[in-house]
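See structure below.
Just so you know, these numbers use all the heavy atoms, side chains as well, and skip hydrogens, waters and symmetry mates. Note that the coordinates shown come from a computational prediction; the quantities given were computed from them, not determined experimentally.
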Amino acid sequence: MSGVILYQSKYGATKKYADWLSEQTGFVCIETKKARVNEILNYDVIVLGGGIYASGIAGLSFLKKNIGVLKGKKIVVFCCGASPYEEKDFKEIVEHNMKGELSEIPCFYCRGAWDMDAMSFKDRTLCNMLRKVVSKKNPDEYENWEKALMAAGESQCDWTDKKYLKPVIEYINKIT
């Protein structure tokens, strides 16, 4: 079966996972902004990967826009975030993003990276503002993402690891 990995990566973690997944599966990688649905229709399996920003999965708009013509394709989504995996939090992300016709598409989580120096001015400013707000809370009451945000701080952190792709690869092997 032929497959394609569509990805939207702002700071590189999702691209790294897409490349690793391509090595494991032989699927071609295409950035979502360069993807054309008429080309994507040539593939049996479509994997979409995107970073999580403000609870949204980057690149998912490609699937939302084209889901009608992609019916019958085997579709898988993975997303990357800076927080450690927490089932409750991930379930909320999935419920927030995978609505309607996307609700039956399996979604997986891969832990990403954090680098304030690499962030755009806007993202860095928003993160700093968010950190100020969170710092006023009692640390014992932090949500998972708040703990990760405060722990990462100004440092560079790279949690990417091929192990996070294992469930994605197992699922792809099951459907192909």
Interatomic spacing from CD1 in Ile57 to CG in Asn97 - rounded to 0.5 Å: 4.0 Å

Could you check whether any side-chain heavy atom of Ile93 comes within less than 4.5 Å of a side-chain heavy atom of Ser55, counting everything from C-beta outward? yes

Quick one: pull up CD1 in Ile5 and NZ in Lys15 and give me the separation to the nearest 0.5 Å. 10.5 Å

May I ask you to decide if Ile172's main-chain N or O and Thr176's side chain share a donor-acceptor pair within less than 3.5 Å? yes

Would you mind reporting whether Leu6 and Val47 have side-chain heavy atoms less than 4.5 Å apart? no

Does Phe78 form a side chain to side chain contact (heavy atoms under 4.5 Å, CB included) with Val168? I'd like the steps, not just the answer. CA-CA 8 Å; Phe78 73 88; Val168 180; 4.3 Å; yes

Is the backbone N or O of Leu21 less than 3.5 Å from a side-chain atom of Thr25, with the two atoms forming a donor-acceptor pair by type? yes

Test log, rule side chain to side chain contact (heavy atoms under 4.5 Å, CB included), inputs Cys110 and Cys79: CA-CA 6 Å; Cys110 299; Cys79 54; over 6 Å; no

Within a 6.0 Å radius of atom CD on Glu170, are there more than 12 heavy atoms belonging to other residues, nucleotides or ligands? yes

Heavy-atom closest pair (Ala151 atom, Ser155 atom, distance to 0.1 Å) is O-OG, 4.5 Å

Side chains of Lys137 and Glu146 in contact at under 4.5 Å (non-hydrogen atoms): yes

Report yes if some heavy atom in the side chain of Ile40 is under 4.5 Å from a heavy atom in the side chain of Val4; otherwise report no. yes

Ignoring hydrogens and geometry, is there a side-chain-to-backbone donor-acceptor pair from Lys73 to Ile46 under 3.5 Å? no

So, does Thr14 use its side chain to make a donor-acceptor pair with the main chain of Gly49 at under 3.5 Å? no

Rounding to 0.5 Å, atoms CZ (Phe62) and CD (Glu31) come to a distance of 13.0 Å

Between Lys147 and Glu143, is there a salt bridge with N-O shorter than 4.0 Å? no

Quick one: which residue pairs count as a salt bridge (charged side-chain N to carboxylate O under 4.0 Å, His left out) with a foot in residues 108-122, not counting sequence neighbours? none

Can you say whether the rings of Tyr17 and Tyr164 are parallel (under 30°), tilted (30 to 60°) or perpendicular (over 60°)? perpendicular

How close do Ser22 and Cys29 get, heavy atom to heavy atom, and via which atoms? CB-SG, 3.6 Å

Is the side chain of Lys16 donor-acceptor paired with the backbone N or O of Thr160 at a distance under 3.5 Å, no angle test? no

Value for NZ (Lys65) from CG (Leu70), rounded to nearest 0.5 Å, stands at 11.5 Å

Would you say Thr32 and Tyr7 make side-chain contact, with heavy atoms under 4.5 Å? no

Restricting to non-hydrogen atoms, name the atom on Leu48 and the atom on Ala58 that form the minimum distance, rounded to 0.1 Å. CD2-O, 4.2 Å

Interatomic spacing from SG in Cys127 to CD in Glu154 - rounded to 0.5 Å: 9.5 Å

Any side-chain to backbone donor/acceptor pair from Asp44 onto Ser2? Under 3.5 Å, distance only. yes

Spacing of CD1 belonging to Ile169 relative to CD belonging to Gln24, to within rounding of 0.5 Å: 4.0 Å

Under 4.0 Å between a Lys/Arg side-chain N and an Asp/Glu carboxylate O for Lys64 and Glu101? no

If you count every heavy atom of other residues, nucleotides or ligands that lies below 6.0 Å from Lys166 atom NZ, does the total exceed 12? no

Looking only at atom types and distance, does a side-chain atom of Asn42 sit under 3.5 Å from a main-chain N or O of Glu39, one as donor and one as acceptor? yes

Start with the C-alpha distance between Glu23 and Lys162, add both sets of side-chain angles, then the distance that settles side chain to side chain contact (heavy atoms under 4.5 Å, CB included), and finish with yes or no. CA-CA 11 Å; Glu23 290 170 10; Lys162 289 180 181 180; 4.0 Å; yes

Are Phe90 and Tyr85 an aromatic pair, judged by ring center distance below 6.0 Å? yes

Hydrophobic cluster membership, Phe27 vs Ile30, 4.5 Å side-chain cutoff: no

Excluding Trp145, membership of its hydrophobic cluster (Ile, Leu, Val, Met, Phe, Trp, Tyr; side-chain heavy atoms within less than 4.5 Å) reads Tyr11, Tyr53, Trp114, Met116, Met119, Leu130, Val134, Tyr142, Leu149, Met150, Trp159

Check whether any side-chain heavy atom of Tyr171 sits under 4.5 Å from a side-chain heavy atom of Phe108, and report yes or no. yes

Between Ile105 and Val76, is there a side-chain heavy-atom distance shorter than 4.5 Å? no

Is there a path of hydrophobic side-chain contacts, each under 4.5 Å between heavy atoms of I, L, V, M, F, W or Y residues, that connects Val28 with Leu165? no

Work out which heavy atom in Ala148 is nearest to a heavy atom in Pro84; give both atom names and the distance. CB-CD, 3.8 Å

Would you call Met98 and Leu60 a side-chain contact if the rule is heavy atoms closer than 4.5 Å? yes

